[in-house]
Amino acid sequence: MDKRSNAQFIATMGLLIALMIVLSQVFGFETQLLKITFDFIPQVVMASLFGPLWTGIGSVIADLIGSTVLGKGAFFIGFTLNSFITGVLYGYFFYKKPISWKNAFLCVLLNTLIISLFLTPLWLSIMYKIPFTDGRLWMIRIVKASIMLPLQTVMIVFFGNVIPFKSLSKRFAA
């Protein structure tokens with residue numbers, strides 16, 4: 001990478017990380033057991049441009065800065081791990097691949113199963129000493145998943161068709 005590409009990479013990563021923080025911490029909805037955000041939109045852009053590893057790293061940076069500077073709840077490293085896994089999954093499904101209905105749905109479904117319906121309830125049960133099998137914990141997770149799965153899929157496909165990924169990705173080609 002030449003210096004210009006390096007500067008573009010850093011600036012673009014910084015902008016996308018900032019967007020993730022704003023969409024998560026400022027415009028997100030959060031309670032003790034539930035968080036709804038739209039930070040997946042800049043994550044998809046990051047994933048399409050930079051791949052799984054950099055998206056995972058960018059997601060971790062956004063999580064650490066966001067929870068430190070603007071966090072509404074207690075910091076827990078498990079949620080940072082969630083951010084990394086989510087970023088890697090987005091990178092896997094969207095780096096150098098079309099943003100299709102199939103890719104968007106499979107990506108969101110996998111994130112929903114791994115993050116929303118397994119890891120997040122596990123972290124919440126550890127943090128708040130709620131039994132992992134507690135109905136309150138699962139009811140809210142299942143309702144969120146059933147709403148967010150189609151919503152995220154549609155939004156990813158919509159933004160995937162609006163954002164000119166091909167021309168953007170040429171700027172970052174080695």
Side-chain angles (χ1 to χ4, degrees), residues 1-28 30 35-71 75-120 123 148-174:
M1 239 187 223
D2 63 15
K3 288 182 183 179
R4 182 171 171 250
S5 297
N6 239 354
Q8 283 181 321
F9 172 83
I10 291 168
T12 304
M13 283 290 285
L15 175 67
L16 292 170
I17 289 168
L19 279 170
M20 288 170 62
I21 293 168
V22 169
L23 290 173
S24 176
Q25 300 296 332
V26 177
F27 294 113
E30 185 174 351
K35 185 173 184 178
I36 297 174
T37 71
F38 294 95
D39 63 340
F40 62 89
I41 296 166
Q43 256 180 324
V44 169
V45 175
M46 190 182 295
S48 296
L49 297 176
F50 305 119
L53 180 63
W54 284 111
T55 307
I57 291 169
S59 299
V60 165
I61 292 169
D63 179 74
L64 292 173
I65 293 171
S67 63
T68 302
V69 176
L70 301 168
F75 174 80
F76 186 75
I77 194 70
F79 296 119
T80 304
L81 176 63
N82 285 5
S83 294
F84 181 77
I85 293 168
T86 299
V88 168
L89 286 171
Y90 280 125
Y92 173 78
F93 279 96
F94 299 120
Y95 185 57
K96 296 184 178 181
K97 296 177 184 168
I99 297 182
S100 64
W101 284 102
K102 178 184 170 190
N103 283 352
F105 177 76
L106 290 174
C107 181
V108 176
L109 178 65
L110 206 53
N111 264 307
T112 299
L113 294 173
I114 295 170
I115 305 299
S116 293
L117 296 177
F118 178 67
L119 289 176
T120 297
W123 307 144
M148 292 304 289
L149 178 67
L151 181 64
Q152 274 187 262
T153 301
V154 168
M155 289 183 75
I156 288 171
V157 172
F158 172 77
F159 283 103
N161 289 319
V162 171
I163 299 170
F165 286 111
K166 287 182 184 176
S167 64
L168 286 173
S169 61
K170 287 178 187 175
R171 293 182 182 190
F172 300 101

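No hydrogens, no waters, no symmetry mates; every other heavy atom, side chains included, goes into these values.
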Worksheet item: Just wondering, do F93 and V44 contact through their side chains at under 4.5 Å, heavy atoms?
Response: no

Fill in: Where at least one partner belongs to residues 87-102, residue pairs that pass side chain to side chain donor-acceptor pair (under 3.5 Å), sequence neighbours excluded
Y90-Q152

Item to complete: Look at the aromatic rings of F9 and W54 and report parallel, tilted or perpendicular, splitting at 30° and 60°.
Response: perpendicular

Practice prompt. To the nearest 0.5 angstrom, please state how far the OG1 atom of T120 sits from the CG atom of N82.
Written response: 4.0 Å

Worksheet entry | Pair listing, side chain to side chain donor-acceptor pair (under 3.5 Å) test, anchored in residues 107-119, at least two apart | T86-N111

Item to complete: Look at the side chain of N103 and the backbone N and O of I99, then say whether any donor-acceptor pair between them is shorter than 3.5 Å.
Response: no

Worksheet, complete the sentence: For M20 and P42, the nearest pair of non-hydrogen atoms, with its separation, is CG-CG, 3.6 Å

Worksheet item: Is there a side-chain contact between C107 and F94 (heavy atoms, below 4.5 Å)?
Response: yes

Response to the item:
Nearest heavy-atom approach of A104 to V157 is CB-CG2, 3.7 Å

Discussion item. For a quick test of reading the model, state the closest non-hydrogen atom pair linking D63 to S83 and the distance between them.
Written reply: CB-OG, 3.5 Å

Worksheet item: Distance from T68 atom OG1 to I21 atom CD1, nearest 0.5 Å?
Response: 9.5 Å

Item to complete: Say whether, by atom type as modelled, one donor and one acceptor occur between the side chain of T55 and the main chain of A47 under 3.5 angstrom.
Response: yes

Worksheet item: Is any side-chain heavy atom of L19 less than 4.5 Å from a side-chain heavy atom of V45?
Response: no

Worksheet item: Do F105 and I156 come close enough that some side-chain heavy atom pair is under 4.5 Å?
Response: no

Worksheet item: Run the side chain to side chain contact (heavy atoms under 4.5 Å, CB included) check on F50 and T12 step by step: do they pass?
Response: CA-CA 10 Å; F50 305 119; T12 304; 3.9 Å; yes

Fill in: Flag side-chain contact, heavy atom, 4.5 Å: I17 against M46
yes

Practice prompt. Taking the side chain as every heavy atom from C-beta outward, state whether I10 and M13 have any pair of such atoms under 4.5 Å apart.
Written response: no

Worksheet item: How would you list, by chain and number, every residue that makes a side-chain hydrogen bond (donor to acceptor under 3.5 Å, both in side chains) with S59, sequence neighbours excluded?
Response: Q43

Fill in: Side-chain touch T37/L23, heavy atoms, less than 4.5 angstrom
no

